[in-house]
Asker: 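What follows is a single structure, and I will ask about it in a moment.
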Amino acid sequence: MRLDRFLSNAKMGTRNEVKKFIRSGLVTVNGIVVKNEAFHVSEKDVVRLNGKTVAAHRKVYLTFNKPAGYVSDRVEDTASVYDLLDHPYVDELQVAGRLDKDVEGLIILSNDGNFIHRVISPKNHLQKEYLVWFEGDLTIEKIRLVENGLKTGTEEFKPAVVRPIQRGLLSLIITEGKYHQVKKMMALLDLKYSRIRRVRIGNLELGELKPGDFRELSQEEVESLFLNS
Ligand code: URA
C-alpha cells in the first residue's frame with residue numbers, strides 16, 4: 001500500500017495533509033526518513049509520524065448505550081448517535097441494527113461490513129432482548145400468543161419469549177428485526193409501552209455502560225456474540 005494511503009487510512013490526516021507530512025520529512029519507515037508519498041509499505045514495516053508509531057487501519061467493533069432522542073442514521077440537523085461517538089473511526093462506522101429515536105439501549109457499531117451483515121441477517125436468529133415499561137395486563141394467554149408467533153392480517157412474527165419482570169415491566173426476546181417490531185407486538189397484545197430499552201444482542205449485554213457511552217469490544221466478545229445462535 002502507498003505510504004500516503006497507509007497514513008490517511010490510519011486516520012493521521014487527509015490524503016493532502018499526510019502528503020505534506022511525508023514531503024516535510026516527518027515520516028520514517030523502519031527508521032529511515034521517506035519523502036516519497038508513493039513509497040510502498042507492507043504490514044511488516046514500522047511507520048512513524050513525528051517519532052510516534054502509526055497503528056495500521058483496523059476493524060473496530062463498538063458497544064454503545066443509545067439514549068432516547070437520537071436517531072440511528074446520519075441525518076443532517078438531527079441529533080444522531082454518531083454525534084455522541086468521539087472515536088477516530090466514526091465516519092466509517094455503521095449501526096448493526098437500528099433503534100427508533102425514542103428507543104434506548106444497546107447498539108453495536110462497526111466498520112466491518114461482513115460482521116454487520118452477520119448481526120442483522122435474519123438467518124442467524126440472533127436474539128435481541130428488550131425491557132419494556134408498559135401499562136395493561138400481561139396475561140398467560142398473551143404470553144402463549146407470543147410463544148406461538150403473533151400474527152396480523154398482513155404480518156407474522158416468529159415465536160418469541162415474553163416474561164413479566166415486575167408490575168409494569170416485561171422482558172421480550174425476539175430473533176427478528178422487523179420495522180417497529182416491539183411496538184407492533186405490544187399493540188397486538190393491547191399493552192401500552194412508555195419506554196423500550198434493548199439490553200442484549202446475542203451474548204452481548206448492555207451491562208453497566210452509561211447512556212451516551214461506548215467502548216470497543218474485544219475480539220473475544222466479537223466472536224462470542226454469535227455463540228448459541
Ligand atoms: N422494535 C421497535 O419497535 N423499535 C426499535 O427501535 C427496536 C425494536
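When a ligand or atom number is given, it counts from 1 through the structure's own listing order.
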Asker: Is a side-chain donor-acceptor pair under 3.5 Å present for Asp45 with Asn30?
Answerer: yes
Asker: Evaluating non-hydrogen atoms only, which member of Ile196, Val182, Asp102, Val132 is closest to atom 2 (C) of ligand 1?
Answerer: Val182
Asker: Side chains of Arg5 and Arg15: closer than 4.5 Å at any heavy-atom pair?
Answerer: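 They are in contact (side-chain heavy atoms under 4.5 Å apart), so the answer is yes.
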Asker: Please check: side-chain N/O of Lys184 versus main-chain N/O of Tyr179, any donor-acceptor pairing under 3.5 Å?
Answerer: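 Answer holds: yes.
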Asker: With backbone taken as N, CA, C and O and side chain as the heavy atoms from C-beta onward, which portion of Asp100 lies under 4.0 Å from ligand 1: side chain, backbone, both, or neither?
Answerer: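 The part of Asp100 near ligand 1 is both the backbone and the side chain.
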Asker: Any salt bridge between Glu156 and Lys151, counting N to O under 4.0 Å?
Answerer: no
Asker: Show me which atoms of ligand 1 lie under 4.0 Å from any heavy atom of Gln181.
Answerer: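 Matching atoms, with element in brackets: 1 (N), 2 (C), 3 (O).
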Asker: So, is Tyr130 polar-close to ligand 1, with some N/O to N/O distance under 3.5 Å?
Answerer: no
Asker: Check ligand 1 against Leu99 and write out every atom of the ligand that is under 4.0 Å from a heavy-atom position of the residue.
Answerer: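 Every atom of ligand 1 under 4.0 Å from some heavy atom of Leu99: 6 (O), 7 (C).
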Asker: Using 0.5 Å steps for rounding, measure from the OH atom of Tyr82 to the CG atom of Leu109.
Answerer: 5.5 Å
